Amino acid sequence: MSGHSTKEQAAAPTMTPAWVVNPVGPLRGDVAVRGSKNAVTKHLVAALLGLTPSTISNCPDIGDVDITANMLRALGCEVELRNGVATVDSSSLSNSRVPVRFSGMNRIPILMVGPLLHRVGEAFVPLVGGDDIGSRPIDFHVEALTRMGAEITLTEEGMEAKATRLRGAHIELPYPSVGATETVLLTACLAEGRTVLDNAATEPEVIELALFLQRMGARIELRPDRRIMIEGVSELSGAAHHLKGDRIEAFSFLVAGLITGGEVRVHGCSQERLVTAISTLSGMGARFEITDSSVSAWAETLTPAAVETDTHPGFMTDWQSPMVALLTQCDGLSVMYETVYENRFTYVPALKQMGAQIELYNNPLGSIQSRFVGSATPCSAIVRGGQPLHGTNVVVPDIRGGFAYVLAAAAADGATTITGTHHLDRGYNQPIENFASLGLDIRRIEVPIDGDAA
Ligand code: EPU
């Protein structure tokens, strides 16, 4: 018995978690990144396809791993997470329905449809969630699954799917979507016959998943020009993989050094995953020391830049908000043009509140043809850099925007209180510890929900 009355139990919480950041000047030191958020969860899903257990190591300690592990447990799988190693045994799979309580938590349930159809012939997954950075439709997934023989019904709660037999198909994606490519990979490797996927995403995390599936016994060929060919096999076994480093986190910590006039050395993410980030920052005057195991960056002065986000190997959309935070501190006019998502500047008002001069435009200010012409949301930002930033109270709109606030707060005058930090805990491995190891004064606190910072 807890001793609390029903009335007390029902009372709405009055406090919310927050991070408070006190700038200390240049951030210096070493940070080690773990496996990437956008690969680990897909590997956990792939383990659903194996007849024997899979082991995934170098897992980040993030909310998304716990959410995905709990979804697999709800399906009857045995999942153990210990010291960054996940072991998934799906031989005890007993349920084809991901419970609706997982609705809106992340983007992963839709990736489970293909594996569940292979294992049990039917699936229910709740509607996808993830960051609010655009409409994030699932039409490419639905079309691909349908072409492979699934009967899909969309309901208010999610997606119902059935298939007596899945077969290979020729699928051409209208845009090289990461998630839709992963849906095809996860579905085609046990489908009957050959799947040819054109206009596939080639992000490193997608290739990492394809290689893991190959380890499990899948027959996958990576062809030039965004073509992937998959020859279905009758069964897959479990496999082991040590995840490669998170390139979004790595870039963000390099920026933490640059934006404060310091120097951060990032371990655990290879140069290969950071090529475009390094070349973009080099073009602005950043200097690098690159070894087989680390990348560090520093600069005497940084010049403004015109950057456009793109699919791999372009400048990734998830690097956009840390980059804009950095551009606010580079003297002169910079341009950022977002081409992947139609609503990825929701963090800008808070940076402006901190003193940044940024204007948003609906016109494409770059060379890539925008898919969002006519959209009501802005796709371009012009940043007048060099204005001082001041600490204030800000609310995180999405995971990457939230990290940009921490970067801006580290370069500001005075303290910043950041609420909505659950977004950050979902995707960054031990962020407070990592920032503190660079010298930043950053702490977790609780603030009143209706207070200034809520
Ligand atoms: N799209 C459609 N229809 C679909 C699928 C995608 O129109 O059925 C559109 C999207 O709306 C978007 C574009 O295609 O405009 C690209 O979306 P994509 O499918 O590539 O994104 P995703 O798989 O949902 C992953 C990452 C994102 C990352 C993007 C692009 C995960 C869990 N998420 O999302 O990461 O930005 O690829 O690289 O892997 C993040 O980590 O903060 C994050 C948002």
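Each ligand, and each atom within it, is numbered from 1 in the order the structure gives. All figures in this text were calculated on a predicted structure; none of them were measured in a lab.
- Residue Arg400 approaches ligand 1 through these ligand atoms, each under 4.0 Å from one of its heavy atoms: 40 (C), 41 (O), 42 (O).
- Gln271 CD: 12 or fewer foreign heavy atoms inside a 6.0 Å radius.
- For the pair Glu143 and ligand 1, no heavy-atom separation below 4.0 Å is found.
- Taking a cut-off of under 4.0 Å to the non-hydrogen atoms of Val340, the atoms of ligand 1 that pass are 12 (C), 13 (C), 15 (O), 16 (C).
- Ring orientation note: the planes of Trp319 and Phe315 are nearly perpendicular, at an angle over 60° on the 30°/60° scale.
- Interface of His141 with ligand 1, defined as ligand atoms under 4.0 Å from a residue heavy atom, comprises 8 (O).
- Partner Leu211 forms a side chain to side chain contact (heavy atoms under 4.5 Å, CB included) with one of Glu208, Arg215, Gln214 and no other, that one being Gln214.
- Taking any N or O of Glu182, backbone or side chain, none lies under 3.5 Å from an N or O belonging to ligand 1.
- Annotation for ligand 1: atoms under 4.0 Å from non-hydrogen atoms of Ile138 are 8 (O).
- Heavy atoms from other residues, nucleotides or ligands lying under 6.0 Å from CG of Asp139 number more than 12.
- Residue nearest to atom 35 (O) of ligand 1, selected from Leu111, Asn38, Thr339, Ile110: Asn38 (by heavy-atom distance).
- Checking only distances, Pro137 does come within under 3.5 Å of ligand 1, N or O to N or O.
- Aromatic ring centres of Phe403 and Phe251: separated by at least 6.0 Å.
- Which of Met316, Arg344, Glu203, Arg107 comes nearest to atom 44 (C) of ligand 1 through a heavy atom is settled by distance: it is Arg344.
- When the options Trp319, Phe372, Tyr341 are ranked by their closest heavy atom to atom 17 (O) of ligand 1, first place goes to Tyr341.
- The shortest N or O to N or O distance between Phe140 and ligand 1 is below 3.5 Å.
- Of all the heavy atoms of Arg371, the ones lying under 4.0 Å from any atom of ligand 1 belong exclusively to the side chain.
- Between Glu342 and ligand 1, not a single N/O pair is under 3.5 Å apart.
- Between the side chain of Ser370 and the main chain of Thr339, no donor-acceptor pair closer than 3.5 Å is present.
- The side-chain heavy atoms of Pro17 and Arg444, taken from C-beta on, include no pair separated by under 4.5 Å.
- Comparing Asp139, Thr311, Asn106 by heavy-atom distance to atom 3 (N) of ligand 1, the nearest is Asp139.
- Side-chain polar atoms of Tyr428 and Arg400 form a donor-acceptor pair below 3.5 angstrom.
- Each of the following atoms of ligand 1 lies closer than 4.0 Å to a heavy atom of Ile399: 42 (O).
- Inspection of the Glu342 and Thr377 side chains reveals no N or O donor paired with an N or O acceptor under 3.5 Å.
- Of the listed residues (Ser321, Gly179, Ser36), the one carrying the non-hydrogen atom nearest atom 23 (O) of ligand 1 is Gly179.
- Under the side chain to side chain contact (heavy atoms under 4.5 Å, CB included) test applied with Thr419, the options Val394, Asn393, Val447 reduce to a single match, Val447.
- Each of Lys42, Lys244, Arg247 was checked for a salt bridge (Lys or Arg N to Asp or Glu O under 4.0 Å) with Glu205, and the lone residue meeting it is Arg247.
- Not a single side-chain hydrogen bond (donor to acceptor under 3.5 Å, both in side chains) links Ser293 to another residue, sequence neighbours left out.
- For ligand 1, the polar-atom distance check finds no N/O of Thr317 at less than 3.5 Å from any of the ligand's N/O atoms.
- Each of the atoms 40 (C), 41 (O) of ligand 1 lies under 4.0 Å from some heavy atom of Lys37.
- For ligand 1, the polar-atom distance check against Val178 finds a nitrogen or oxygen pair separated by under 3.5 Å.
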